[in-house]
Engineer: 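First, the structure itself, so that you have it in front of you.
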Amino acid sequence: MTSDEAAIASNDAAHAAVPGRNYKLPSDIDQLMAVFGAQMRLYSKSKIVIGFIIIALVIPILVYSGAAETIIKGAADASPSPSYLLILLPLFIIAIPAMMAGRILSSEFRNRTAYLLFTLPVSRHIYYFGKFLAAFVLSAGVFAMAYAFAVICGSGYGLSYPNDVLGSFVMCTAGVFALTAMAYGLSTYFKNGSTGLVIAIMIFLPFIVLILKALTGDIGFFNPDYTGSVWDPLMTLPPFTGYQALYMIDHGVGGMFLGELYSTFLGPYSTVVYVAVSMIWGVLFLLLGMLNVNKKEL
């Protein structure tokens, strides 16, 4: 008997020595959660993640120290209501998902660590979606924290107009899903990730649409008879969800300059349309990334 045969026989004997034990692979859900947990542990050591959490914690610090009221009154002659405390939401709804998800897979494929997992009983699909789930949950968690702080700390200052905080958060979460999926899916195609590309495209896309509307005279402050634009369907895309979410909290947010600017990024559609477009956008980019992962050679 060879050494390999002896090892197999010994292993079989060990298994037989424990009657009733069923040796089988964990379920797909268990494997998915294992990949999710492993990625969350990596995030717990990330300075970027800690930085985003600190940014959310700045909201109550500014409010209770009185600094928020001083800054906002000086800039917009307004009080630190929830909408003003979340005034940078259109920027962060792009930056946070892109920075959370834009380099996960690219760094693992570049460093060859992903290939080690593929040799284990974990399928590519489970590995791929487990990593994405961690990026999305953590990104959405940061925004949930910011919303909670803004509503709790700013509710005493009231709102200018009727608001829908829950609808705003749903809109925000849909946008986070779409942008996380976009950064994550595209990261499989770039050696250094997709963070910079996604941030650049998504920040400038609203302004490109704004320019197109201005050139055709389809924009409010260029055309007092504005009733709609052929470009309006483009305003359902994910980078516009931050503006919509902010508007839903307070229709009068922004003051003279920001209010006028933000209002140009608002489309005439319902929340359901924006959420549906963001979900479809996210799913398409996830599938695009999955196709590339499936083609990678081991």
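By convention here, the first residue in the shown sequence is residue 1.
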Engineer: Are the side chains of Pro239 and Ile94 in contact, using a 4.5 Å heavy-atom criterion?
Structural biologist: yes

Engineer: Indicate yes or no for a side-chain donor-acceptor contact from Ser27 to the backbone of Asp30 under 3.5 Å, with no hydrogens or angles considered.
Structural biologist: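 Such a contact is found between Ser27 side chain and Asp30 backbone.
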
Engineer: How far apart are the closest heavy atoms of Ala56 and Val142, and which atoms are they?
Structural biologist: CB-O, 4.4 Å

Engineer: Taking side chain as C-beta onward, heavy atoms only, is Phe149 less than 4.5 Å from Met145?
Structural biologist: yes

Engineer: Got a donor-acceptor contact below 3.5 angstrom from the Asn292 side chain to the Thr188 backbone?
Structural biologist: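 At least one qualifying donor-acceptor pair exists.
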
Engineer: When hydrophobic residues are tied together by side-chain contacts of less than 4.5 Å, even through go-betweens, does Phe190 share a cluster with Leu287?
Structural biologist: yes

Engineer: So, Ser187 side chain and Gly193 main chain: donor-acceptor pair closer than 3.5 Å or not?
Structural biologist: no

Engineer: Can you check whether Phe143 and Phe92 have ring centres sitting under 6.0 Å from each other?
Structural biologist: no

Engineer: Taking the inter-plane angle between the rings of Phe265 and Phe240 on a 0 to 90° scale, is it parallel (under 30°), tilted (30 to 60°) or perpendicular (over 60°)?
Structural biologist: perpendicular

Engineer: Using 0.5 Å steps for rounding, measure from the CE atom of Met202 to the CD1 atom of Ile93.
Structural biologist: 12.0 Å

Engineer: Does the side chain of Tyr127 come within less than 4.5 Å of Leu105's, by heavy atoms?
Structural biologist: yes

Engineer: Val165 vs Phe169, test: side chain to side chain contact (heavy atoms under 4.5 Å, CB included). Steps then yes/no.
Structural biologist: CA-CA 6 Å; Val165 175; Phe169 182 67; 5.6 Å; no

Engineer: With a 3.5 Å distance limit and no angle check, can you tell me whether Tyr43 reaches the backbone of Met100 through a side-chain donor-acceptor pair?
Structural biologist: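 Yes, because the side chain of Tyr43 sits within donor-acceptor range (under 3.5 Å) of the backbone of Met100.
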
Engineer: Same cluster for Phe204 and Val198 if Ile/Leu/Val/Met/Phe/Trp/Tyr side chains link at under 4.5 Å?
Structural biologist: no

Engineer: Find out if a path of hydrophobic residues (ILVMFWY) with successive side-chain heavy-atom gaps under 4.5 Å connects Val49 to Val58.
Structural biologist: no

Engineer: I need the Leu138 CG to Ile48 CD1 distance, nearest 0.5 Å.
Structural biologist: 11.5 Å

Engineer: Val151 and Pro82: which non-hydrogen atoms are nearest, and at how many Å?
Structural biologist: CA-CG, 4.1 Å

Engineer: Fit a plane to each ring of Phe132 and Phe136, take the angle between them on a 0 to 90° scale, and name the class: parallel (under 30°), tilted (30 to 60°) or perpendicular (over 60°).
Structural biologist: parallel

Engineer: Quick check: closest heavy atoms across Thr180 and Pro97, and the distance to 0.1 Å?
Structural biologist: OG1-CB, 3.2 Å

Engineer: To the nearest 0.5 Å, what is the distance between OH on Tyr184 and NZ on Lys131?
Structural biologist: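 The OH atom of Tyr184 sits 7.5 Å away from the NZ atom of Lys131.
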
Engineer: Quick one: closest heavy-atom pair of Tyr128 and Gly185, and the distance?
Structural biologist: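 Here Tyr128 and Gly185 meet closest at OH-CA, 3.8 Å.
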
Engineer: Taking Ser46 for the side chain and Leu42 for the main chain, is one N or O donor matched with an acceptor at less than 3.5 Å?
Structural biologist: no

Engineer: Kindly indicate whether the side chain of Cys172, heavy atoms from C-beta on, has any atom under 4.5 Å from the side chain of Leu89.
Structural biologist: yes

Engineer: Return the minimal non-hydrogen interatomic distance between Ala183 and Ser194, and the atom names on each side.
Structural biologist: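 Closest pair (atom of Ala183, atom of Ser194, distance): O-OG, 2.5 Å.
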
Engineer: With a 4.5 Å cut-off on side-chain heavy atoms, are Leu246 and Pro90 touching?
Structural biologist: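 Yes, their side chains come closer than 4.5 Å.
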
Engineer: Please report the closest heavy-atom contact between Ala181 and Leu286, naming both atoms and the distance.
Structural biologist: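 Result for this residue pair: CB-CG, 3.7 Å.
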
Engineer: Taking the side chain as every heavy atom from C-beta outward, state whether Met99 and Ile199 have any atom pair closer than 4.5 Å.
Structural biologist: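 Touching, per the 4.5 Å side-chain cut-off.
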
Engineer: Count I, L, V, M, F, W, Y as connected when their side-chain heavy atoms are under 4.5 Å apart, and connections chain through other members. Are Leu91 and Leu62 then in the same cluster?
Structural biologist: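 They do not share one cluster, since no chain of ILVMFWY contacts under 4.5 Å joins Leu91 to Leu62.
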
Engineer: Check whether any side-chain heavy atom of Met248 sits under 4.5 Å from a side-chain heavy atom of Thr271, and report yes or no.
Structural biologist: yes

Engineer: Between Gln244 and Gly267, is there a donor-acceptor pair closer than 3.5 Å when you use the side chain of the first and the backbone of the second?
Structural biologist: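 Yes, Gln244 side chain to Gly267 backbone: donor-acceptor pair under 3.5 Å.
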
Engineer: Taking the six-membered ring where the residue is Trp, are the ring centres of Phe36 and Phe129 under 6.0 Å apart?
Structural biologist: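 Ring centres of Phe129 and Phe36 not closer than 6.0 Å.
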
Engineer: Any donor and acceptor pair, going by atom type alone, linking the side chain of Tyr189 with main-chain N or O of Leu288 inside 3.5 Å?
Structural biologist: yes

Engineer: Using side chain to side chain donor-acceptor pair (under 3.5 Å), reason through Ser168 and Tyr147 one step at a time and then give a plain yes or no.
Structural biologist: CA-CA 10 Å; Ser168 173; Tyr147 263 79; 2.7 Å; yes

Engineer: How long is the gap from NZ on Lys47 to CD1 on Ile54, to the nearest 0.5 Å?
Structural biologist: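 So the gap between those two atoms works out to 11.5 Å.
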
Engineer: Quick one, Asp232 and Tyr269 - any side-chain contact, counting heavy atoms below 4.5 Å?
Structural biologist: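 A side-chain contact exists here, since the closest heavy-atom pair is under 4.5 Å.
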
Engineer: Same cluster or not: are Val275 and Trp281 linked, directly or through other Ile, Leu, Val, Met, Phe, Trp or Tyr residues, by side-chain heavy atoms under 4.5 angstrom apart?
Structural biologist: yes

Engineer: In Å and rounded to the nearest 0.5 Å, what is the CD1 to CG distance from Ile249 to Leu85?
Structural biologist: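 Here the rounded value is 9.5 Å.
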
Engineer: With side chain to side chain contact (heavy atoms under 4.5 Å, CB included) as the test, pick out the partner of Ser278 among Val283, Thr241, Val273.
Structural biologist: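 Only one of Val283, Thr241, Val273 forms a side chain to side chain contact (heavy atoms under 4.5 Å, CB included) with Ser278, namely Thr241.
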
Engineer: Any chance you could measure Leu186, atom CG, to Ile201, atom CD1, to the nearest 0.5 Å?
Structural biologist: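 These two atoms lie 7.5 Å from each other.
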
Engineer: Is it the case that the side chain of Arg103 and the backbone of Thr195 share a donor-acceptor pair, with hydrogens and angles ignored and the cut-off at 3.5 Å?
Structural biologist: no

